[in-house]
Amino acid sequence: MAKIVLDGIAREVVLERTTDGIVVVVDGRRHEVRDVIPLSGSFSFMLGSESRVVFVSNNAGGTQLSLCGRTYLRADARVDTDAPAIGVGGASDGRVQAPMPGGIIALHVKEGDHVTAGQSVAVLESMKMHNEITSPMEGVVRRVHTKVGEQVPFGHVLVEVAAEGSDK
């Protein structure tokens, strides 16, 4: 069993191998995964009849997995990938990062704004899907590193959030 953190909430994850693929159990909910293909810095798989891609990076905070616009942090292990993203920070450092390459189509915050954990700070369009990018913590927006219309790579820091009263 592993633990992942999503929006500050720890979730239990168990992987079970089957003859057809893998069953991923998240907080008791079963998800059948098949046709897993490792790629450079990511992997693809089928979930039901839908194809998914997970981007993976290792950093000081643990292993970061980005799937469908959500970023998950596994703090107790590392995942081997061919080319992990460089300089990608953990979810607890306040850096809000692009979970996949794409274009910024909306920014909902500016420097000095107060945000809550899980609040949308930007919208990233990738593969014709709009992905709400959320703050990992409550605090104040210290810096915005992107603008509407910009194309960003996976792991690009979009916004920095610091706890209120911190020096960061």
Side-chain angles (χ1 to χ4, degrees), residues 4-9 11 13 24 26 29 31 33 35-74 79 81-164 166 168:
I4 61 170
V5 178
L6 173 61
D7 296 335
I9 299 170
R11 303 193 184 277
V13 179
V24 180
V26 181
R29 292 187 58 202
H31 306 277
V33 175
D35 301 330
V36 178
I37 301 170
L39 305 167
S40 179
S42 64
F43 58 92
S44 68
F45 61 92
M46 294 296 292
L47 181 62
S49 63
E50 297 181 15
S51 176
R52 303 278 190 209
V53 175
V54 175
F55 296 91
V56 182
S57 65
N58 294 316
N59 57 67
T63 299
Q64 183 170 294
L65 306 168
S66 297
L67 172 66
C68 298
R70 304 297 302 264
T71 300
Y72 305 83
L73 178 67
R74 181 171 178 200
V79 173
T81 61
D82 293 336
I86 297 170
V88 178
S92 63
D93 67 5
R95 292 187 291 173
V96 180
Q97 300 166 306
M100 61 191 72
I104 302 300
I105 62 170
L107 274 173
H108 300 303
V109 296
K110 62 185 181 308
E111 292 178 13
D113 285 355
H114 180 269
V115 293
T116 58
Q119 178 180 334
S120 178
V121 296
V123 178
L124 181 135
E125 182 177 48
S126 181
M127 299 183 294
K128 298 182 182 178
M129 292 178 17
H130 292 186
N131 301 283
E132 293 285 333
I133 310 302
T134 60
S135 175
M137 59 190 279
E138 183 170 354
V140 175
V141 175
R142 293 292 180 217
R143 187 136 187 245
V144 177
H145 294 275
T146 191
K147 61 183 184 240
V148 172
E150 182 176 8
Q151 292 292 313
V152 297
F154 166 68
H156 179 80
V157 177
L158 305 172
V159 175
E160 290 179 43
V161 177
E164 288 190 84
S166 75
K168 284 187 169 180

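Since we're looking at a predicted model, the values are computed, not measured.
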Residue set satisfying salt bridge (charged side-chain N to carboxylate O under 4.0 Å, His left out) with Asp35, at least two apart, ordered chain then number -> none
Option passing side-chain hydrogen bond (donor to acceptor under 3.5 Å, both in side chains) with His145 (candidates Glu150, His156, Glu160, Arg95) = Glu160
Met137 to Val115 - nearest heavy-atom pair and separation = O-CG2, 4.0 Å
Got a list of side-chain donor-acceptor pairs under 3.5 Å for residues 119-126, not counting sequence neighbours?
unit_1 : atom_1 : unit_2 : atom_2 : d
Gln119 : OE1    : Thr116 : N      : 3.0
Ser120 : OG     : Glu132 : OE1    : 2.3
Glu125 : OE2    : His130 : NE2    : 3.2
Ser126 : OG     : Pro101 : O      : 2.8

Can you see which heavy atom on Val148 is nearest to which on Ile105, and at what distance?
-> CG1-O, 3.8 Å
Go through the steps for Val157 and Gln97 under the test side-chain contact (heavy atoms from CB on, under 4.5 Å), then give the verdict.
-> CA-CA 4 Å; Val157 177; Gln97 300 166 306; 4.1 Å; yes
From CD1 (Ile104) to CG (Leu158), nearest 0.5 Å = 4.5 Å
Residue Arg52 excluded, over 12 heavy atoms near CZ under 6.0 Å | yes
Could you pull out the closest heavy-atom pair between Thr134 and Gly118, with the gap in Å?
-> CG2-O, 3.3 Å
Arg142 CZ to Asp113 CG distance, which is reported to the nearest 0.5 Å | 11.5 Å
